[in-house]
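Everything below concerns the one structure shown next.
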Number of protein chains: 2
Amino acid sequence: MKGKTISEAVIRRLPRYFRYLEELAEKGVERIPSSRIASALRVTASQVRQDLCSFGGFGQQGLGYNVEMLKNEIADILGLTRSYNMIIVGFGNVGAALAGYMGFSKEAFIFKAAFDIDTDKVVPEGLKLYSIDKIEDYLANNQIDIAVICTPKAAAQSVAERLVAAGITKIWNFAPIELDLPENITLENTNMSASLYMLTYSRR
Amino acid sequence: MKGKTISEAVIRRLPRYFRYLEELAEKGVERIPSSRIASALRVTASQVRQDLCSFGGFGQQGLGYNVEMLKNEIADILGLTRSYNMIIVGFGNVGAALAGYMGFSKEAFIFKAAFDIDTDKVVPEGLKLYSIDKIEDYLANNQIDIAVICTPKAAAQSVAERLVAAGITKIWNFAPIELDLPENITLENTNMSASLYMLTYSRR
DNA sequence: GAAAATTTGTCAAATTTTTCACTATATTAA
DNA sequence: TTAATATAGTGAAAAATTTGACAAATTTTC
C-alpha cells in the first residue's frame, strides 16, 4: 500500500508502536516479528502488518522488522525528529506532573516557561515561572510551538482565547472542559477521566 | 436502534458527551439540540443523534435533549452511579496530580491509599501513604476496585504482577510501558505522549 | 541442497462506523 | 388554525477499518 495516505486509525496507533519499539531498542532487541508486536499491544498481527505496510513495508519476509529502522520511520511520521518549544499555563498538580514527566523524549519537547497566578511556586531546574499576566509579553518575544493548558476549568476558555490571540496555533488541553476555539487551531484534549471510565464501564 | 448492543466507538465517545453535559447542567441549561452538542465537540450532528439513539433515544423531536436525563443515562451506562475504591502505586508527580485532580467526580472515585518507596512524602488530607512493601497486606484487608500505576517505567511490570497476584482485576496504567498481564485483567493505559504526538503530527 | 518453517506484503472479504436523506413530531409565528 | 421552522429517529448508502488467506521471500534444519 505504498504511496497511499496514512489513515486516521493507523496514525492513532503509531504512538503505541513507537513506545513499544523504544522499549525494544533499549533492551537491545534488533528484530521483531509482527506477531510479537501484536501480542504485546493486544491487537492482531494482521493489523500490525497492515499498519506498518501502509507507510512503506520495512519488514523482511521470514525475518520480521528491524526495530531501529521502524522506530525512526515512525518518529519521522509523527514529527518527532525536530524539537518543539512549549509553555505550560497553570502550574498546579497537573502542570508540575507534565514538567516532570519522563515519558516523552526530552530532546523533542522543551518546556520553556510556566505561567501561574502564584509565582512563588517551586519549579524544576531550567523552567521559568512567570505571572499569568505576562503571557502576551512572553509570546511576543519567544517562539513557542505548543501551549499546554493546565488551569482550573473556570480559567481555561479565557486562557485559551488569549493564547490564540497571541498567535498560538497548537493547544494541548488538560482542563476538564470542551474549549470553543477557531477551526484553524489544532486542539488536543487529554481527558483523564475518559480512560478511567473505560474501566468502570463493564463490557457485555 | 433500541435494544442493540452499544458499539465500541460509541462507548469511547460517551465520556466526552458526559463531560459536556455536566458543563451544561452546571450552567443550568435544560435542553440542547444535537447540532449544538456536535459543534461543541467538533463532530457531526448526525453522529450525535445516532450515538444517543443507540441506547434509547431520549430526545424530543422539535425540542432537543433533556440535559439532566441524558447525563444520568450516560452515567448509568458508564458505571458512574456507584463508587469505586482506588489505590495509587507510585506517588510521584503523576500520582500526586491524580490524587488532586478535580476532573472526575469525588463521589464515584475514592482514593483510599497511596504506596511509595518514600513514605515521608506529603499527601492530601484523607489519603494514607504506605510503604510499597505493604501492598499485599493492604489488599488482603481492604476491598479495592481499581489500582493506578504511577511508578517509574522500570518498576511498573513487577508492581502490576504483584497487584494481580493480590487479586486486583482493574488496572489504570500511567507508566510509559506496555504491561504484559493475563487476558482477564482489564487494563487501561493512559499514554500521555500519545495525545501530544497528535499535535506534532501534521495532517495532510 | 532440499524440505520445512517462518514471516512479510497484499488483495479481498467481512465488519464496523459514519454520513446522508427523509419522515415524524413538536414548537412558534402569522 | 395554518404555515413555517426546528429537530429527533431511523433505515440505508457510503466510507473506513479490520480480518483472513495466501503467495513470495527468507532462514533454518536435516
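Just so we're on the same page: letters track the sequence lines, and every chain starts at 1.
- Residue A:S34 places at least one side-chain N or O closer than 4.0 Å to OP1 or OP2 of C:dT8.
- Close to C:dT18, at under 4.0 Å from its OP1 or OP2, lies a side-chain N or O of B:R13.
- The residues B:E178 and A:R16 are annotated as salt-bridged, a charged nitrogen and a carboxylate oxygen being separated by less than 4.0 angstrom.
- For B:D145 and B:Q143, the side-chain atoms include at least one donor-acceptor pair closer than 3.5 Å.
- The bend of the helix from C:dG1-D:dC30 to C:dA30-D:dT1, defined by the angle between the axes of its first five and last five pairs, stands at 10° to the nearest 10°.
- The CZ atom of B:R12 sits 14 Å away from the C1' atom of D:dT17 (whole-angstrom rounding).
- Ring geometry, A:Y130 versus A:Y138: the interplanar angle falls from 30° to 60°, so the pair is classed tilted.
- Remark: B:Y65 is not in phosphate contact with D:dA6, judged by side-chain N or O atoms under 4.0 Å from OP1 or OP2.
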Using a cutoff of under 3.5 Å, can you pull out all pairs of nitrogen or oxygen atoms linking the protein to nucleotides 25-29 of chain C, with atom names and distances?
unit_1 : atom_1 : unit_2 : atom_2 : d
C:dT25 : O4'    : B:Q61  : OE1    : 2.8
C:dA26 : O4'    : B:Q61  : O      : 3.0

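- Using modelled atom types and a 3.5 Å distance limit, the side chains of B:Y101 and A:N93 yield no donor-acceptor pair.
- For the pair A:L52 CG and C:dT10 C1', the computed distance is 14 Å after rounding to whole Å.
- Although no hydrogens or angles enter the test, the distance criterion places a donor-acceptor pair under 3.5 Å between the side chain of B:N72 and the main chain of B:E68.
- Counting any heavy atom pair closer than 4.0 Å across all strands shown, A:S46 reaches a base atom.
- The distance between atom CD of A:E8 and atom P of D:dT17, rounded to the nearest whole Å, is 7 Å.
- For the pair A:Q47 CD and C:dT10 P, the interatomic distance rounds to 17 Å; values are reported in whole Å.
- Atom CZ in A:R49 sits roughly 12 Å away from atom P in C:dT10 (whole-Å rounding).
- Summarising the geometry, the separation between CZ on B:F55 and P on D:dA8 is reported as 13 Å, rounded to the nearest angstrom.
- Under the 3.5 Å distance criterion, the side-chain polar atoms of B:T151 are left unmatched by any main-chain donor or acceptor of B:G90.
- B:N191 and A:P15 make their closest contact through ND2-O, 4.3 Å (heavy atoms, listed as atom of the first residue, atom of the second, distance).
- A:N66 places its CG atom 15 Å from the P atom of C:dT7, with the value rounded to the nearest Å.
- Contact check on A:D51 versus A:R13 returns a salt bridge, with a Lys/Arg side-chain nitrogen under 4.0 Å from an Asp/Glu carboxylate oxygen.
- Picking from D:dT17, C:dT17, D:dA8 the nucleotide with the shortest atom distance to the side chain of B:S7 gives C:dT17.
- Rounded to whole angstrom, the span from the OH atom of B:Y17 across to the P atom of D:dA8 amounts to 12 Å.
- The pair A:K71-A:E26 does not meet the salt-bridge criterion, since no charged nitrogen lies less than 4.0 angstrom from a carboxylate oxygen.
- The base of D:dT19 is paired with the side chain of A:Q50 by a donor and an acceptor separated by under 3.5 Å.
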